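Structure record follows, encoded as structure tokens.
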Amino acid sequence: MRDRRKITVQGIVQGVGFRPFVYGLASRLGLGGTVRNNTTGVVIEVEGEPACLDSFLRALVAEAPPLARIERICAEQAPVEHDTAFAIEPSDIRHETQVFIAADVATCTACLQEFNDPRDRRYQYPFLNCTNCGPRFTIVSAVPYDRERTTMARFPMCPACQAEYHDPGDRRFHAQPTACPSCGPRLWVADSQGAEIHADDPLRFIGARVREGSIIAIKGLGGYHLACDGSQQDVVRQLRRRKQREAKPLAVMVENLEAAQRLCAVSAVEAEALISTRRPIVLLRKHPDCPIADAVAPRNRDLGVMLPYTPLHHRLLQQVAAPLVMTSGNLTEAPIICEDDEAVRRLAGMADYFLTHNRPIHTRCDDSVTRIVFNQEVPLRRSRGYAPLPIRLPMPCPTPMLACGGHLKNTFCLAYGEYAFLSHHIGDLEDYRTYQAFVDSVEHYKQLFEISPHVVAYDLHPGYRSSQYALALQDLRRVGVQHHHAHIAACMAEHACQGPVIGVAWDGTGYGTDGRIWGGEFLLASYYGFERLAHLEEVRLPGGEQAIRQPWRMAAAYLHQVYDEAMGDLDLALMHAIEPRTWQVLCQMLAQGLNSPWTSSAGRLFDAVAALLGVRHEVQYEGQAAVELEMLADERPAEGYSFSLADHHKPMVVQTAGIIRGVVDDLLSGEPAGRIAARFHITLSGIIRAVCGRIREQTNLRQVALSGGVFQNTLLLTQVISGLRQDGFVVYSHRLVPPNDGGLCLGQVAVATAILAGGG
Ligand code: ZN
Ligand code: ZN
Ligand code: FE
């Protein structure tokens, strides 16, 4: 009794060792037939005993290679052809389009074993990889994904590598970036000016320099890092000075999971994220006696930790045997450097040595950053290891589309059909070089995914460079999407939530449909549209942008609004810390409303309270005051401050005067800052619960989507999620794209798709 089935598999099944896997499986079960790639995935024809065919189908899913992502599988009967042997058929390259491009993958266990085996021909070779691991996205220049169209094209394979590459039974069958010491890239050391220094063993040499306190520029997978010993306070301070990065926390790389556990508490889910093939930086809670220099993550209870993801990193960490600070090699806010000449030019003053190699990086890609909340990943930066893997859309995108994203933490995406291909982290478009990288990357993605957009979605903010770019494109249909609507739609899209939902969009700044600055919003939202149902009470932003860099201005704005003339009588530390003359000028500005636009931003309320508490009066990066306020908060239960809901307004207004009065009273009665910060957080989660409750009474909606940069705050996020669940809501929060502006482009695509479908 024989049967034959034709099985089509769709998803990420090309360039991930799927065909050799199928070949091995069929051979093991004694089945005949063929496997080949086609335009949408893999086609298998397989015949033999019906029972064996069933086992084959089950194992096809259960044992699929680690990098494969099966989206759809379809099996149908076919006429028996009496095939006894199984074969991998070559695919006709002209008909083969690479639908998906894999992300870069951390070194696998099998490769690491070879790496540590003195008898192996790749022993300690820093560029070894296989079908299951190694560089992908960062070395691809065009499709289809083949060695000639990667930066490995310049390294012809030696006979030994070639034999493995062509052997379907070998774990390097069709491993495009495969290499060995006799044919692959070479590693070397250079001095601070980029001139090669002789070192018999570059990694041992650099390991010793790190321990002595040198700062090293290391060429990695997606760009150059600046690295130094994270246990030496002076060295870390030196690195900060050279990089002109005073405060933003730095991440460390440690040798293995045990080393991470010595620094921080690591839950099972956090461990899983750390050792995943994506190898993101995971934010972990530091042990009280964490042996890391204070300068690595000052005023922060958390530490960003990652594990080695290339053979080079593995060996270097063995040599250093200490946490290695790894920060992107650039001046603050400029894009990570990936060109060798540029690296020497720009990093010469920052690094004492270069550890570099001759495998070019085609696309720069920063490390990803993630954190675990309620056993779920909350991505904060979705980049290396994740991009450009697709995200399935809640409804198919009928027309090729580009969504340009936001201005800060920019990512963009291309979408067509069922998927959105989100870019790696581009960065802050305020920097012109970063904007240039945005423009170049859009072109690269268009070519890579063979999507030539007919529609462009963009943010309504006229000052965003990404929006200006969109508006300058010719012959494309343009769809403007309101900032907070995009935030909520992104969160809905991740969960394939059909809506409508109560969208809580809290962030620093977003352009409202009334031309004012929004950021503490409650929306009744579907993909197609939204209604602004409630928002935080507006306050003045004295000096506009300046108020974002100087949170003390926000404190003054709130005090002025709440106490008016009487604010002069308050005896607050903050008021003594600011020059009386400066303070006076600001009060005049506020009184006359001069250069002081209105905002309903939740981020600015955080800034104001942080400044009142003396956390800081100026910030070096967006959101710094809010982060430090969160870190300060006492974790014991606290009672909230009072607030009220003006529901005769449309939209409703959450009046915040009670919060400011409460904070001021507590300050004047000598309450510790940690208690006040705790009370502030619980107040905000109380506001969200109360407003959602009121909206439910009016609309009967029980689904809430949480988005916006404020929800990077773990303390607030956990309070809000558990509170809303207690109140009987179904709560959606981010787990695939960041809640910050790095997730906007996904929401823009979802909204634009709905608008096109609605004939709008
Ligand atoms: Zn491998
Ligand atoms: Zn070789
Ligand atoms: Fe935002």
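Just follow the structure's listing: the first ligand is 1, and inside any ligand the first atom is 1. Along the sequence shown, the residues carry numbers beginning at 1. All values reported here derive from a predicted model rather than from experimental measurement.
Glu114 and Arg171 are joined by a salt bridge, as a carboxylate oxygen and a charged side-chain nitrogen come within less than 4.0 angstrom of each other. Here Arg136 does not pair with Asp104 in a salt bridge; the nearest charged N to carboxylate O distance is not below 4.0 Å.
Taking distances strictly below 2.8 Å, the protein N/O/S atoms close to the Zn ion (ligand 1) are Cys108 SG, Cys111 SG, Cys130 SG, Cys133 SG.
Taking the Zn ion (ligand 2) as the apex, the angle formed with SG of Cys183 and SG of Cys158 is 120°, to the nearest 10 degrees.
Taking the six-membered ring for Trp and thresholds of 30 and 60 degrees, His485 and Phe530 have ring planes inclined between 30 and 60 degrees apart.
Within 6.0 Å of the OH atom in Tyr23, the count of heavy atoms belonging to other residues, nucleotides or ligands does not exceed 12. Counted within 6.0 Å of CD on Glu148, heavy atoms from surrounding residues, nucleotides or ligands total more than 12; the atom is thus considered enclosed.
Judged purely by atom type and a 3.5 angstrom limit, Asp117 has no side-chain atom pairing as donor or acceptor with the backbone of Gln113.
Arg604 forms no cation-pi arrangement with Tyr558, by the criterion of a distance under 6.0 Å to the ring centre and an angle within 45° of the ring axis. A cation-pi arrangement, defined by a distance under 6.0 Å to the six-membered ring centre and an angle within 45 degrees of its axis, is present between Arg465 and Tyr435.
For the Fe ion (ligand 3), the count of nearby protein N, O or S atoms, meaning those under 2.8 Å away, is 4.
Nearest heavy-atom pair, Pro311 versus Tyr125, reported as atom, atom and distance to 0.1 Å: CB-O, 3.9 Å.
With contacts defined as side-chain heavy-atom distances shorter than 4.5 Å, the pair Phe155/Asn358 qualifies.
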